Amino acid sequence: MPELPEVETTCRGIAPHITGQRVSRVIVRNPHLRWLVTKRLEKELTGQTIHSVTRRAKYLLLNTDTGTAILHLGMSGSLKIITATEPPGKHDHVDIVFGRSSLRLTDPRRFGSVHWTRRPVMQHRLIRPLGCEPLSEEFNGDYLYLRSRQRRVAVKQFIMNSHLVAGIGNIYASEALYMAGIHPKRAAGKISRNKYRLLAEVIKEVLNDAIGQGGTTLRDFVNGEGKPGYFRQHLNVYGKAGEPCISCRVPIREIRQGQRSSFYCPKCQK
DNA sequence: AAATTCTCCTGAAGGC
DNA sequence: TGCCTTCAGGAGAATT
């Protein structure tokens, strides 16, 4: 499942290969992604030159003079740069061709998406409602504290609300709460300003560490080595139900919050 | 407004 | 080449 660090790594990995390149062709083999990929993408992206590749939350933006392609990797998607003659596999749904090379979207579960918009991309319906970037200065303890007052939702669901802060995935939410010593079910509105300051810090720390590791995979984003892969982030709690807490040896617990698994240490997190 | 539930899909894992 | 059930998960949409 591509989390924000994987998307950022992908962004940095593909950017040098496609920036300044002109799209010679767009091949949509299967338009049935999360949303139906429209013909407008092929029609309007073809012939355009990518002038920059940026990221907003977990969306990748291929910016051109006439519009923006908005890509999301869902939970099983990946992008890589290939030779345009590379035969497609079963789950290779979209190729954006740049002469002799292509950007290929592979996505077995098809939770990903590709949109095209002519309007300023920040006004797009998928982008506009997003909260701040977790790695920005705007995102800090005070931001969390102020917006959580009177809120009864569990803190884990609170920090995973993309309208508040965009791109903290399920894994890093559990990890950050562990690092901050906060129980995932604590009501968001009952957490102190200081605790939120710590939480915001560890969120940035865990995301930056993962991006740092991703940096080592950027060398060759072409052919095979394309995927950043999933970081060998040493996880303290995620997926470790029953295993002893690294700090106090008490077994890690797993609970469900909003159809999503959460992991925590019952002794270290209050 | 806030909170909760539903939904898309398929590879992997587990039970028998 | 075993078959069937269950589950995970991003996040927008629908519902309460």
Side-chain angles (χ1 to χ4, degrees), chain A residues 1-11 28-38 55-61 70-79 88-94 105-115 117 121-134 144 146-177 184-191 203 207 210 227-231 233 235 237-242 252 254-263:
Chain A
M1 10 42 246
E3 298 259 359
L4 186 147
E6 280 93 335
V7 179
E8 177 64 24
T9 298
T10 299
C11 181
V28 180
R29 295 188 192 81
N30 183 355
H32 297 274
L33 303 187
R34 179 173 182 188
W35 290 281
L36 195 69
V37 179
T38 64
R55 177 185 64 74
R56 176 73 174 98
K58 293 179 188 168
Y59 292 96
L60 277 169
L61 310 176
I70 304 169
L71 283 65
H72 198 286
L73 300 178
M75 58 166 287
S76 61
S78 64
L79 290 167
K90 183 179 174 187
H91 303 299
D92 295 336
H93 307 308
V94 178
L105 172 67
T106 305
D107 188 358
R109 295 186 190 178
R110 290 189 275 121
F111 273 25
S113 62
V114 184
H115 281 78
T117 182
V121 68
M122 294 309 166
Q123 292 177 23
H124 189 271
R125 68 174 176 86
L126 294 176
I127 307 296
R128 191 180 48 219
L130 296 172
C132 68
E133 288 288 326
L144 287 174
L146 290 171
R147 280 156 213 270
S148 61
R149 295 309 88 185
Q150 321 290 64
R151 301 284 294 271
R152 283 164 296 185
V153 69
V155 61
K156 170 150 181 286
Q157 288 160 294
F158 179 67
I159 62 172
M160 288 185 68
N161 179 349
S162 64
H163 300 297
L164 176 85
V165 50
I168 301 176
N170 198 43
I171 295 174
Y172 294 131
S174 274
E175 291 299 317
L177 288 168
K185 288 184 84 168
R186 279 278 300 284
K190 295 196 167 176
I191 291 172
I203 286 170
L207 293 176
K227 291 194 240 176
Y230 304 129
F231 301 120
Q233 179 104 24
L235 301 176
V237 290
Y238 188 84
K240 297 195 178 294
I252 299 301
E254 175 174 6
I255 55 173
R256 301 288 296 176
Q257 292 183 279
Q259 338 286 83
R260 215 135 286 163
S261 55
S262 300
F263 298 85

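Bear in mind the structure is a predicted one, so any value in this text is a computation, not a measurement. Naming: A, B, ... by sequence-line order, numbering from 1 per chain. Side-chain atoms are counted along with the backbone in the values below, which use heavy atoms only and exclude waters and symmetry mates.
If you measure from atom CG of A:N161 to atom P of C:dG12, you get 10 Å, rounded to the nearest angstrom. Separating the CD atom of A:Q257 from the P atom of C:dG10 is a distance of 14 Å, rounded to the nearest angstrom. Straight-line distance from the CD atom of A:Q259 to the P atom of C:dG10: 13 Å, rounded to whole Å. As rounded to whole Å, 8 Å separates atom C1' of B:dT7 from atom CZ of A:F111. To the nearest angstrom, P of B:dG11 lies 10 Å from CZ of A:R110. The separation between A:F263 atom CZ and C:dA8 atom C1' is 10 Å, rounded to whole Å. If you take CE of A:M160 and P of C:dG12, they are 12 Å apart, rounded to a whole angstrom. Taking atom CD of residue A:Q157 and atom P of nucleotide B:dT5, one finds them 9 Å apart after rounding to whole Å.
Cation-pi check for A:R110 over A:W35 is not met; the charged atom does not lie both under 6.0 angstrom from the ring centroid and within 45 degrees of its normal.
Contact annotation: A:H72 does not reach the phosphate of C:dG10 (side-chain N/O to OP1 or OP2, under 4.0 Å). The phosphate of B:dG11 (OP1 or OP2) has a side-chain N or O of A:H91 nearer than 4.0 angstrom. When the side-chain nitrogen and oxygen atoms of A:S162 are compared with OP1 and OP2 of C:dG12, one or more of them lie within a distance under 4.0 Å.
Comment: A:R55 engages A:E133 in a salt bridge, judged by a side-chain N to carboxylate O separation of less than 4.0 angstrom.
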Report task. Apply side-chain contact (heavy atoms from CB on, under 4.5 Å) to A:L235 and A:I171, showing your working. Result -> CA-CA 9 Å; A:L235 301 176; A:I171 295 174; 3.9 Å; yes
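The shortest heavy-atom contact between A:N170 and A:S261 is ND2-O, 3.1 Å.
Looking at heavy-atom distances under 4.0 Å, A:L126 makes contact with sugar-phosphate atoms alone, never a base. If you check every strand for non-hydrogen atoms under 4.0 Å, A:R34 touches a base. Among the atoms of the strands shown, only primed sugar atoms or phosphate atoms (P, OP1, OP2) are found under 4.0 Å from some heavy atom of A:Y59. In this structure, A:R260 reaches the bases: a heavy-atom distance under 4.0 Å links it to at least one base atom across the strands shown.
Between A:R109 and A:I168, the residue whose closest nucleotide on DNA chain C is further toward the 5' end is A:R109. Residue-to-nucleotide proximity on DNA chain B shows that, of A:G258 and A:P108, the 5′-proximal contact is made by A:G258.
Atom CD of A:Q150 and atom CZ of A:R147 lie 15.0 Å apart (nearest 0.5 Å).
Across C:dG12, B:dG11, B:dA3, the shortest atom-to-atom separation from the side chain of A:K90 is found for B:dG11.
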